[in-house]
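Data block below; observations after.
When a ligand or atom number is given, it counts from 1 through the structure's own listing order.
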Amino acid sequence: MSLSLKPRHSVRAKISAVGAYVPPRLLTNADLEKMVATNDQWITERTGIRERHIVEPGTPTSDLATEAAKICLANRGIGAEEVDAIIVATVTPDMMFPATACLVQAKLGATKAWGFDLSAACSGYLYALQMGAKLVESGAHKKVLVIGADVMSSIIDYTDRSTCILFGDGAGATLIEPCEEGEVGLIDYLHEVDGSGASALNMPGGGSLHPATHATIDAKQHFVHQDGGSVYKVAVRKMAELAEGVLKRNEITGSDIDCFIPHQANRRIIEATADRLGMPLERVVINIDRYGNTTAATIPLAMDTAIKEGRLKKGSLVLLASFGGGYTIGSTLLRWEF
Ligand code: UT7
């Protein structure tokens, strides 16, 4: 295996801890059968989802993000006052402003941290990971919390069977720190956006284009709208393309990867992507059956699953890949360092 690790920065960044949190309340396929014209067999066969966790109404994204961050910091054995910056990737911020990162900062007691939110839908965590890494690689920051968190149940129309079966709520937090001597950490990434796909997956109401009015509410513009078939086709093609791209640029193939952690939107998309990358399914982390699509949280939640299943070890070569509304697409190659 040839892995060209040309350091582009004198400081390299690594993921040093992970924490995940999902609300306790379960929404199963059987529950959904009572709400819309669907059935467990269709949902399981078409998506791989069996159940998802959703919040009690009124629970905001910052609560989930804060819980995940607390677990992450406890796993690392440090206090919130040591955190330099907080980036929250989300499409379901508590409010239009202030940023959810500010609310997490206050709830955590991260007294010296600054921060901001990042909006890139299901690729939000991967984009935030690179931003956090750049803050560390600049030498200016030593501990950056990168969080993917979404309360999708706050923007889902539970009378629309084409979307309500897909999404769940959750949060995953990771701590980004400088590598120690001899460590590699984050190696490379490829990101792409294609804004021509904006109409295929969006929530049109509540922004400056369609500010909230009685009419926007009547037209259900404050819910997720998705042309599932179009999104599916682009997802299968582009997620594999960017994942292949980052492997090729580093002169490795899918068979060199110890653990592939893709965005969890549909089990069939994951399997098709793994197949194109030549990756056996036993090296792919899949937890969509338990959580559904938690948007920005899927990848850090899947990291947590992989850790608990003993599938990530110090030195593991890991590939992350995402696809989401925008369109936004991302892939990241890294060495696991704990
Ligand atoms: O993370 C963000 C990115 N999002 C994605 O990656 C999602 C990508 N898209 C998908 O995962 C899939 O397109 C879906 C899971 C959303 C839909 O699966 P599909 O295989 O593309 O189904 P379809 O939309 O083509 O619908 C097939 C049939 C239709 O019935 P007819 O027209 O064949 O009679 C639908 O009305 O299935 C019907 N259908 C359902 N039936 C039972 C759609 N939703 C349901 C449902 N239960 N929940």
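Atom 20 (O) of ligand 1 is approached by the protein to below 4.0 angstrom, counting heavy atoms only. The nearest protein heavy atom to atom 13 (O) of ligand 1 is closer than 4.0 Å. Within the 4.0 angstrom cut-off, atom 41 (N) of ligand 1 has one or more protein heavy-atom neighbours. Less than 4.0 angstrom separates atom 37 (O) of ligand 1 from at least one non-hydrogen atom of the protein. Within a 4.0 Å radius of atom 23 (P) of ligand 1, the protein contributes no non-hydrogen atoms. Atom 29 (C) of ligand 1 is not flagged as protein-proximal [any protein heavy atom, distance under 4.0 Å].
Within ligand 1, counting atoms from 1 as listed, the ones closer than 4.0 Å to a heavy atom of Ala265 are 1 (O), 5 (C), 6 (O). Here is the list of ligand 1 atoms found below 4.0 Å of a heavy atom in Arg46: 20 (O). Short contacts between ligand 1 and Leu201, defined as distances under 4.0 Å to a heavy atom of the residue, involve ligand atoms 2 (C), 3 (C). Interface of Thr47 with ligand 1, defined as ligand atoms under 4.0 Å from a residue heavy atom, comprises 15 (C). Set against the non-hydrogen atoms of Gly229, the atoms of ligand 1 under 4.0 Å away are 13 (O). Atoms of ligand 1 lying under 4.0 Å from at least one heavy atom of Gly228, given by number and element, are 8 (C), 9 (N), 13 (O).
With a heavy-atom cut-off of 4.0 Å, Thr38 touches ligand 1 through backbone and side chain alike.
Atom 35 (C) of ligand 1 has Arg161 NH2, 3.8 Å as its closest protein atom, hydrogens excluded (heavy atom only). Atom 16 (C) of ligand 1 has as its closest protein heavy atom Leu166 CD1, 3.9 Å. Atom 18 (O) of ligand 1 has as its closest protein heavy atom Arg268 NH2, 3.7 Å. Atom 4 (N) of ligand 1 has Gln226 OE1, 3.0 Å as its closest protein atom, hydrogens excluded (heavy atom only). The nearest heavy-atom contact from the protein to atom 2 (C) of ligand 1 is Cys122 SG, 3.3 Å. Considering only non-hydrogen protein atoms, atom 5 (C) of ligand 1 sits nearest to Val231 CG1, 3.5 Å.
Around atom 17 (C) of ligand 1, the closest heavy atom drawn from Trp42, Phe167, Tyr232 belongs to Trp42. Comparing Ile269, Asn29, Val234, Asn266 against atom 6 (O) of ligand 1, the shortest heavy-atom distance belongs to Ile269.
The side chain to side chain contact (heavy atoms under 4.5 Å, CB included) with Trp114 is formed by just one residue from the set Leu135, Ile86, Ile87; it is Leu135. Residue Met131 is tested with Ile176, Leu118, Val144 for a side chain to side chain contact (heavy atoms under 4.5 Å, CB included); the sole match is Leu118.
One side chain, Asp31 or Thr28, offers a donor N or O that lies under 3.5 Å from an acceptor on the other. Remark: the Thr294 side chain and the Asp150 side chain contain no N/O donor-acceptor pair separated by less than 3.5 Å. In the model, Tyr125 has a side-chain atom that pairs as donor or acceptor with a side-chain atom of Thr174 under 3.5 Å. Checked by atom type, the side-chain pair His222/Thr216 shows a donor-acceptor distance below 3.5 Å.
Of all the heavy atoms in Gln264 and Asn287, the pair that sits closest is OE1-N, 3.0 Å. The two residues Arg311 and Ser316 make their nearest non-hydrogen contact at O-OG, 4.3 Å. Scanning all heavy atoms of the two residues, the minimum distance from Val285 to Pro262 falls at O-CD, 3.5 Å. Of all heavy-atom pairs between Leu103 and Ser62, the closest is CB-CB, 3.9 Å.
At a threshold of 4.5 Å between non-hydrogen side-chain atoms, the residues His53 and Asp169 do not count as touching. You'll find the side chain of Val136 stays beyond 4.5 Å of the side chain of Glu177, heavy atoms only.
Residue contacts with ligand 1: Ser162 is placed with no nitrogen or oxygen under 3.5 Å of a nitrogen or oxygen of the ligand (distance criterion only). Ligand 1 has an N or O atom lying under 3.5 Å from an N or O atom of His263, backbone or side chain. Residue Asn293 has at least one N or O atom closer than 3.5 Å to an N or O atom of ligand 1.
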Name each donor-acceptor pair under 3.5 Å that joins a side chain in residues 232-243 to protein atoms two or more places apart or in another chain, with its distance.
from: Lys238; atom 1: NZ; to: Glu192; atom 2: OE2; distance (Å): 2.6
from: Lys238; atom 1: NZ; to: Glu241; atom 2: OE2; distance (Å): 3.0

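Applying the salt bridge (Lys or Arg N to Asp or Glu O under 4.0 Å) test to every pair with at least one member in residues 83-99, sequence neighbours left out, gives these pairs: Asp84-Lys112.
No heavy atom of Val36 sits closer than 4.0 Å to any atom of ligand 1.
Asn75 places no side-chain N or O within 3.5 Å of a backbone atom of Ala17 that could act as its donor or acceptor partner.
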